[in-house]
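The structure's right below; bear with me while I get my questions together.
Bear in mind that the values here come from a model prediction, so they are computed numbers and not experimental data. What you see below is based on every heavy atom in this structure, not just the backbone, and it leaves out hydrogens, waters and symmetry mates.
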Amino acid sequence: MRYKLHRCLTALLLSGTISVAQTLTVTVNTPQHTVQPTMWGIFFEDINFSADGGIYAELVKNRSFEFAQPLQGWKVMKEANAGKILIVNRASENAANPRYAHITAAGNFGLYNEGFRGMGFKKGETYNFSLLAGNATGGVAVKVVLVDDKGTAIGAATVGTPGKDWKSYTASITASETVSKGGLQVFFEGNGSLDADMLSLFPAATWKQRPGGLRSDLVQLLADLHPGFVRFPGGCIVEGKDLVNRYQWKKTVGPVEDRSLIVNRWNTEFPYRAPGDYYQSYGLGFYEYFQLAEDIGAEPLPILNCGMACQFNTGEVAADEDVNNYIQDALDLIEFANAGTDTKWGKLRADMGHPKPFNLKMIGVGNEQWDSQYIVRYKMWETALKTKHPEIKLVSSVGPSPDDERFHYGWSQLKGSKADLVDEHYYMAPDWFLQNAARYDNYDRKAPHIFAGEYAAHIRDKEQDQPESRNTWGSALAEAAFMTGLERNADVVNMASYAPLLAHVEAWQWRPDLIWFDNLRSVGTPNYYVQKLFANYKGTNTVPVLENGKVLTGQDSIYASATIDAAKHELLLKVVNAAGVAKPYKIQVKGGVVGKDAVQQVLTAADKLAINTLDAPTQVAPRQQKLIVSKGGASVTLQPSSVNVFVIPYK
């Protein structure tokens, strides 16, 4: 009988039905590498309607009539068409905002704005309307109405009767119903005419209640990540399809009515997802980016055009003698961010409401450039900025791929440079992430440090035959496995950020994305929760975590990294089980006495294709459970396909 039982147990062990517990040994009193405060951050790019129609809370589309089709987003109301609208161009006197509307009313003339895939209104909340108006004749009164998706009024207010002088007119409206696909009606009542511009509608409940500010639920999701940095404004929009349409930070600061709108380069980039109405109003500009970073306790990392348009598009480059103009923009940005109010750009910062410097510490030179034309320009930047501002760290690029000719050429040129960080990108299949958890174990420790600036695991979406994938649990699991390798090599990898960040469910161009939203709601993906676990349990120093004397980089589908929080005396052990079966483990803590109040954060799902949706936002979300510990550690079970964070106090 005993022989039969032994033989049965042996068969079960060999089949993988049951497992013998292995031991993870973590030594908390031998700190290895400092984990930088910037280790885990976020990357914002205005793609997928992330800015206008997204985190920038403006509800009116084409508020200043500057789209290529001046009335795109607007239509004359059939029931209130006693009059007409004429778009006037005053480029000679106002190149930044040349157009305005000349309205003639003959009793009751009305315009309707559709918003960004509709307008979201919440019952009982206040919405602030404003417009610039002047040159009025005859006494035309302005009235605004919020409507639902059927055109029924759910709130109204009288704005006033504009006069001759251009000035701002405002009104507040309270919504009586919650709707996700509403709109705005603007009535011009009376007989006469007026000129109008910057017709705008914002919720009063923006982030920190700032007028004309950011959408609070989206910012809160970012703040909850506790990111160490914010990389902005991109991404490919930094480059532009050509240099004329590149991102120029100086055109995004100052009064919003003086900022120059341009077409977003993602408007037509992908024919199968070309929205046709995607522009950058720059209401969310460099000042607001700096302010956002400060609000959520993150370091700003602005990325600037180095004199090159997107190499996937025109590949246009500025002449060598013109690169100094791009460098001067960088020097002026440092002045805007850090200088005193007695300087030109420091004074503008103060005039905008922030006399205190933003304490900028780093700048990215170009986005995702490659080849000799980039290296030539980067070295010009390096010479100038390291001479005038040696305190500013420089982030360089080795192209869009993790291992190709462009990548290797870039590294061959940058190893001897003064670049502080080199930006590597990985948009790859999940298997690549699982197989590359040890990527940085043998990297050159004397070379520039690594910024893992853009990464996401892609699984092809077979349902809709799209080249980009949904945010499945399987992709998030693979990213978590890879991230253990980033954390373990914190002496090499100083910064990392998933990309892209935000996407409107009805207006996306690229996926996967970390956070999805509609006009009222938002949801963190499984990938979001992976990022949150790593960032919220970052620690201060890496410590060794070993099984049989070896680091875990995928052996038996287990990946692990560990840090300590030296101030809190906590061990933060991250273990990823990429296998489809549960695995028992013993955690042995050496070098400290284990405390009792230990917890285990578990992120898992039964189906690797599971996703979070606006209707089911927590299908894949962390669950916390108490961890029973003994003097030397704990016995744990790693659920199938799971990310686990063990928080264990020690003395």
For the pair Asp371 and Arg406, find out whether any cationic side-chain nitrogen is under 4.0 Å from an anionic carboxylate oxygen. no
We want to know whether Glu239 and Gln311 form a side-chain donor-acceptor pair, criterion being a heavy-atom distance below 3.5 angstrom. no
Test ring pair (Phe, Tyr, Trp, His ring centres under 6.0 Å) on Phe43 and Tyr498 and set out the steps. CA-CA 7 Å; Phe43 161 48; Tyr498 180 100; 9.9 Å; no
Check whether Asp148 reaches the backbone of Val179 with its side chain - one donor and one acceptor, N or O, closer than 3.5 Å. no
Evaluate the ring planes of Phe336 and Phe358, with Trp represented by its six-membered ring, and classify them as parallel (under 30°), tilted (30 to 60°) or perpendicular (over 60°). tilted
With a 4.5 Å cut-off on side-chain heavy atoms, are Trp516 and Asn48 touching? no
To the nearest 0.5 Å, what is the distance between CG on Asn324 and CD on Gln328? 8.5 Å
Give the C-alpha distance, both sets of side-chain angles, the deciding distance and a yes or no for salt bridge (charged side-chain N to carboxylate O under 4.0 Å, His left out) between Asp295 and Arg210. CA-CA 12 Å; Asp295 285 347; Arg210 292 190 181 117; 2.6 Å; yes
If we only count heavy atoms from C-beta on, is the Ile237 to Ile47 side-chain gap below 4.5 Å? no
Looking at Tyr326, I'd like to know if the NZ or CZ of Arg377 sits under 6.0 Å from its six-membered ring centre while staying within 45 degrees of the ring's axis. no
Among Val144, Leu146, Val145, find the one that has a side-chain contact (heavy atoms from CB on, under 4.5 Å) with Phe129. Val144
Give a yes or no on this: more than 12 heavy atoms of other residues, nucleotides or ligands lie within 6.0 Å of atom CG of Asp165. no
What I'd like to find out is whether the side chain of Leu201 reaches to under 4.5 Å of the side chain of Met119, using heavy atoms alone. yes
Tyr100-Trp166 aromatic ring centre distance below 6.0 Å: yes
Check: Ser180 main-chain N/O paired with Asn519 side-chain donor or acceptor under 3.5 Å: yes
Judged by atom type as modelled, is there a donor-acceptor pair below 3.5 Å linking the side chain of Gln373 to the main-chain atoms of Val317? no
Between Arg521 and Asp615 (salt bridge meaning N to carboxylate O under 4.0 Å), is one present in this structure? yes
Proximity of Tyr427 and His458 rings by center, below 6.0 Å: yes
Would the Phe202 and Tyr56 ring centres measure less than 6.0 Å apart? yes
Can a side-chain donor-acceptor contact be found between Ser200 and Glu58 if the only test is distance below 3.5 angstrom? yes
Exam field: side chain Asp513 to backbone Ile515, donor-acceptor pair closer than 3.5 Å: no
Tell me yes or no: between the side chains of Glu45 and Trp266, is some donor less than 3.5 Å from an acceptor? yes
Centres of the Tyr455 and His425 rings: under 6.0 Å? no
Lys250: what forms a side chain to side chain contact (heavy atoms under 4.5 Å, CB included) with it, not counting sequence neighbours? Asp329, Asp332, Trp345
For the residue pair Val159 and Leu131, establish whether any side-chain heavy-atom pair is separated by less than 4.5 Å. yes
Within a radius of less than 6.0 Å around CD of Gln69, do more than 12 heavy atoms belonging to other residues, nucleotides or ligands occur? no
Any donor-acceptor N/O pair, Thr252 side chain to Phe286 backbone, under 3.5 Å: yes
Do Gln220 and Asp224 pass the side chain to side chain donor-acceptor pair (under 3.5 Å) test, and can you show the C-alpha distance, the side-chain angles, and the key distance before you say yes or no? CA-CA 6 Å; Gln220 189 62 59; Asp224 290 344; 2.8 Å; yes
Do Glu66 and Val263 have side chains that get closer than 4.5 Å, going by heavy atoms? no
Using only atom types and a distance under 3.5 Å, with no angle test, would you say the side chain of Asn367 pairs donor to acceptor with the backbone of Gly235? yes
Measure the spacing between CG of Asn81 and CG of Asn108 and express it to the nearest 0.5 Å. 9.0 Å
Looking only at atom types and distance, does a side-chain atom of Tyr528 sit under 3.5 Å from a main-chain N or O of Leu221, one as donor and one as acceptor? yes
Could you check Asn612 against Thr525 for side chain to side chain donor-acceptor pair (under 3.5 Å), going step by step and ending with a plain yes or no? CA-CA 5 Å; Asn612 290 338; Thr525 60; over 6 Å; no
Glu177 side chain vs Lys123 backbone, donor-acceptor pair below 3.5 Å: no
Pairing donors with acceptors under 3.5 angstrom, does anything connect the side chains of Ser401 and Tyr426? no
Over 60° means perpendicular and under 30° means parallel, so tell me whether Phe121 and Tyr127 are parallel, tilted or perpendicular. perpendicular
Between Arg259 and Tyr282, is NZ or CZ placed under 6.0 angstrom from the six-membered ring centre and within 45° of the ring axis? no
Aromatic ring proximity, centroids under 6.0 angstrom, Tyr278 and Phe67: no
Ion pair Lys344/Glu335, N-O distance below 4.0 Å: no
Side chains of Trp74 and Gln72, heavy atoms from C-beta outward: is any pair under 4.5 Å? no
Salt bridge (charged side-chain N to carboxylate O under 4.0 Å, His left out) partner of Asp197, chosen from Lys167, Arg90, Arg63: Arg90
For Trp207, does the six-membered ring have the charged nitrogen or CZ of Arg215 within the cation-pi criterion, i.e. under 6.0 angstrom from the centroid and within 45° of the normal? no
Expected output: side-chain Thr158 to main-chain Lys143 donor-acceptor under 3.5 Å: no
Please report the C-alpha distance between Phe312 and Trp370 in whole Å, then the side-chain angles of each, then the deciding distance to 0.1 Å, and finally whether the ring pair (Phe, Tyr, Trp, His ring centres under 6.0 Å) criterion is met. CA-CA 11 Å; Phe312 289 114; Trp370 65 83; 5.1 Å; yes
Are Pro227 and Ile296 side-chain neighbours, meaning at least one heavy-atom pair lies under 4.5 Å? yes
Distance-only, no hydrogens or angles: does the Arg349 side chain make a donor-acceptor pair with backbone N or O of His354 under 3.5 Å? yes
Evaluate Ser397 against Asp423 for side chain to side chain donor-acceptor pair (under 3.5 Å), listing each step before the verdict. CA-CA 5 Å; Ser397 167; Asp423 186 4; 5.9 Å; no
Quick one: do Leu360 and Leu301 satisfy side chain to side chain contact (heavy atoms under 4.5 Å, CB included)? Show the steps, please. CA-CA 8 Å; Leu360 175 65; Leu301 171 54; over 6 Å; no
Within the 3.5 Å criterion, strictly below it, is a donor on Asp242 or Thr314 matched to an acceptor on the partner's side chain? no
Salt bridge (Lys or Arg N to Asp or Glu O under 4.0 Å) with Lys181: which residues, sequence neighbours excluded? Glu506
Report yes if some heavy atom in the side chain of Ile392 is under 4.5 Å from a heavy atom in the side chain of Ile334; otherwise report no. yes
Indicate whether the side chain of Ser193 and that of Thr137 have a donor and an acceptor atom separated by less than 3.5 Å. yes
